[in-house]
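Below, read A as the first sequence line, B as the second, and so on, with proteins coming before strands; counting in each chain starts at 1.
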Amino acid sequence: MAAVPDLLTAVREQGPLVQCITNYVAMDLAANALLAVGASPAMVSDPAESAEFAGIAAALTVNTGTPSPRWVEGMQVAADAAVAAGRPWVLDPVAVGATALRNEICTDLLARRPSVVRGNASEVLALAGLAGVASSGGQGRGVDAGDSVDAALEAARGLAVRSGAVVVVTGPTDLVTDGERLVRITGGSPLMARITATGCALTAVTGAYAAVGGAFDGAVAACAVFAAAGGRAAQGVRGPGSLRVALLDELHLLDQDSFTGVEIEEVA
Amino acid sequence: MAAVPDLLTAVREQGPLVQCITNYVAMDLAANALLAVGASPAMVSDPAESAEFAGIAAALTVNTGTPSPRWVEGMQVAADAAVAAGRPWVLDPVAVGATALRNEICTDLLARRPSVVRGNASEVLALAGLAGVASSGGQGRGVDAGDSVDAALEAARGLAVRSGAVVVVTGPTDLVTDGERLVRITGGSPLMARITATGCALTAVTGAYAAVGGAFDGAVAACAVFAAAGGRAAQGVRGPGSLRVALLDELHLLDQDSFTGVEIEEVA
Amino acid sequence: MAAVPDLLTAVREQGPLVQCITNYVAMDLAANALLAVGASPAMVSDPAESAEFAGIAAALTVNTGTPSPRWVEGMQVAADAAVAAGRPWVLDPVAVGATALRNEICTDLLARRPSVVRGNASEVLALAGLAGVASSGGQGRGVDAGDSVDAALEAARGLAVRSGAVVVVTGPTDLVTDGERLVRITGGSPLMARITATGCALTAVTGAYAAVGGAFDGAVAACAVFAAAGGRAAQGVRGPGSLRVALLDELHLLDQDSFTGVEIEEVA
């Protein structure tokens with residue numbers, strides 16, 4: 001596995017251009033998180049240009065948080081173009097399981113061969129169920145997970161095998177699996193759940209790291225970077241407003257020594 | 001009237017899921033404000049899923065800040081679904097009176113029986129006029145109020161009687177009326193007017209409190225919570241950038257003793 | 001040239017209403033920057049109301065960062081209405097040159113006679129090329145400039161002559177030209193490039209200053225205001241999260257003495 005600190009440096013040196021088709025809530029934080037880690041964001045979503053741009057970008061990230069017909073079309077053609085160009089693309093199936101529309105959209109996008117799928121435990125359980133992976137069912141409601149990360153472990157493995165994607169389950173602990181290997185990343189802060197769009201921003205940053213380090217190592221590194229920055233940011237802040245500011249500062253400031261509070265463990 | 005500190009605790013304990021169909025500018029602050037008070041935001045707006053989701057959510061909030069045809073359709077079907085499900089919904093008629101489109105949209109939405117209407121003085125005057133309530137006319141221009149809160153008092157009462165909604169007029173002082181009762185909340189900071197979307201965020205938070213405490217008490221509590229947090233946040237900040245951060249921190253930190261600077265007065 | 005500090009005061013006193021048709025990423029920062037300098041933002045973009053509102057607003061700003069067909073129509077009719085009403089309008093051709101769609105949209109908008117065009121060096125080079133101005137070609141990729149500001153100097157002059165607009169090239173140094181006069185503004189901080197939408201926010205603020213001071217002097221003043229606030233904000237901040245907060249604070253706090261770190265030089 002490529003060392004996380006090495007990828008930290010590589011992303012800053014290469015400054016990958018990451019195309020984000022994300023939701024309205026996450027736009028600002030996702031773009032700022034990409035800039036803070038040294039990547040370059042581009043929010044290009046309309047089908048009239050999203051496929052063309054996917055041929056320019058180093059990676060594509062697609063987030064279904066606020067779907068509408070034209071945006072979904074933009075996601076679809078961009079995903080196909082990314083695959084055709086051999087670029088990694090990351091799917092963030094926000095609130096899949098909550099409505100029929102999200103189930104339909106996410107099933108369609110999963111079939112377009114994402115390199116990485118990142119969701120919370122409830123989203124991964126729901127998506128795995130839609131993909132025909134047996135699981136014990138989810139408790140999601142909207143965008144917040146109602147299930148523990150470990151409850152989604154088998155679903156994540158099954159989803160990875162079925163889809164060919166690296167699957168990332170994020171929460172108090174993060175899991176990354178390609179169906180065989182399994183890495184567990186522990187760090188961050190519980191207060192991060194009180195800021196909107198941190199998961200969506202992690203998805204965007206996963207695109208940057210996957211462009212530089214490949215899907216599996218990139219996903220692990222992105223989780224580790226967020227865990228390190230989130231843990232450091234949470235020290236001494238008054239509340240979620242300050243934490244959001246400090247998170248961006250720490251993403252920018254991370255260095256080789258910043259990962260002492262983060263546990264990265266290959267468990268299979 | 002339910003005590004505000006009791007509702008503060010109840011929202012945190014119940015964590016109501018609040019569906020927001022809001023404008024592009026307010027998305028981030030509204031979602032973060034809901035998280036900071038302990039609620040759970042979901043920005044679900046497309047008509048292909050907004051009605052379905054309104055059956056899941058504990059409350060719906062609708063804000064007309066950046067309207068477009070498909071979004072308006074999403075608002076309409078969600079409002080109807082919320083009413084059918086017996087869930088409270090809150091209307092924020094941003095810049096009503098400024099364009100013919102906004103007048104048309106807000107008139108339509110008002111007829112769909114919102115539980116609460118929240119606006120600044122100019123918006124309440126304009127909406128009351130559209131609803132046939134006699135008033136002395138407004139001075140709004142765009143999203144900022146050109147009228148004092150007290151100038152909108154009679155219009156607010158009339159609008160409440162005509163529409164059946166609790167009407168909230170926010171500004172340096174906030175008024176909450178159901179046409180008979182009238183509560184005045186004083187607190188906050190004048191600097192809050194130099195941050196965008198604080199009113200829209202209050203609308204979202206009003207949805208959370210209405211879900212837990214009912215329309216009238218919930219609206220009073222939401223105003224009191226913002227007045228308390230805003231007043232505390234303004235102490236010692238350098239400017240509006242810092243105030244926005246501190247507002248979210250203080251919403252998260254509020255406790256039973258945080259309301260000393262806020263005056264809540266039932267005047268009728 | 002009107003003194004920058006005088007325009008600083010005039011914008012605060014007059015509080016111009018600035019209509020912004022901007023991208024999803026920039027909405028929040030653009031609105032907050034306008035409020036911080038004492039102007040009043042209104043994000044009115046749908047073609048059903050954008051032209052009507054352009055007759056009310058003191059200035060219009062149009063940013064092509066996240067284009068879609070209906071938004072582009074809203075931009076077009078609003079631009080025409082602003083010209084018809086004799087109000088200044090500012091074009092921000094985000095990532096022009098990156099896709100065929102952006103080239104088409106920006107060529108169309110340029111023909112609608114903006115008062116000011118503001119972009120980074122790569123965008124100005126690309127737009128000048130589309131307008132038939134000979135230049136040495138650009139290296140842009142997405143929203144970030146791949147070219148130095150000075151490399152765009154002749155393209156900016158040519159574009160100003162060809163289009164009749166004041167052209168602003170922003171970067172480490174900013175250039176403002178009407179084809180004859182040329183002003184160079186130096187200040188700010190390199191860290192500003194690590195925050196998203198600072199350029200878009202400057203475009204919005206340029207609208208406010210152009211409404212009060214005219215296109216040329218307004219553009220110079222807006223650049224000077226951002227350079228002063230950005231330079232002061234960068235002092236002692238930990239990273240880009242803090243810088244974004246401090247930038248809004250400093251925009252609000254600027255006074256006559258805040259421009260000591262900014263060099264404004266008329267070079268032609």
Would you name the heavy atoms of [X] and [Y] that are closest together and state the gap between them?
{"X": "A:R194", "Y": "B:A39", "answer": "NH1-O, 3.4 Å"}
{"X": "A:A98", "Y": "B:I56", "answer": "O-CD1, 3.3 Å"}
{"X": "A:P67", "Y": "B:D46", "answer": "O-CB, 3.3 Å"}

* Which region of A:V245, side chain (C-beta onward) or backbone (N, CA, C, O), has a non-hydrogen atom less than 4.5 Å from a non-hydrogen atom of chain B, or is it both or neither? -> side chain
* **Engaged part of A:L191 at the chain B interface, taking heavy atoms whose separation is under 4.5 Å** => side chain
* **Residues B:H252, A:R238; criterion side chain to side chain contact (heavy atoms under 4.5 Å, CB included); working and verdict** => CA-CA 9 Å; B:H252 175 75; A:R238 277 182 67 77; over 6 Å; no
* **Largest heavy-atom contact set with chain B, pairs under 4.5 Å, which of A:P69, A:A197, A:A26** =>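 Option with the greatest count: A:P69.
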* Top contributor to chain B contacts, counting heavy-atom pairs under 4.5 Å, from A:D28, A:T66, A:L29, A:I195 ->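 Counting heavy-atom pairs under 4.5 Å, the top option is A:I195.
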* Does the side chain to side chain contact (heavy atoms under 4.5 Å, CB included) test come out yes or no for B:N32 and A:R244, once each step is laid out? -> CA-CA 10 Å; B:N32 276 315; A:R244 187 186 197 276; 3.9 Å; yes
* Asked: Within a reach of under 6.0 Å around CD of B:E263, are more than 12 heavy atoms found that belong to other residues, nucleotides or ligands?
  -> no
* A:R112 CZ: over 12 foreign heavy atoms closer than 6.0 Å -> yes
* To do: Sort B:Q19 into side chain, backbone, both or neither according to what part of it lies under 4.5 angstrom from a heavy atom of chain A.
  => neither
* Do B:E49 and A:I105 pass the side chain to side chain contact (heavy atoms under 4.5 Å, CB included) test, and can you show the C-alpha distance, the side-chain angles, and the key distance before you say yes or no? -> CA-CA 12 Å; B:E49 61 173 0; A:I105 292 169; over 6 Å; no
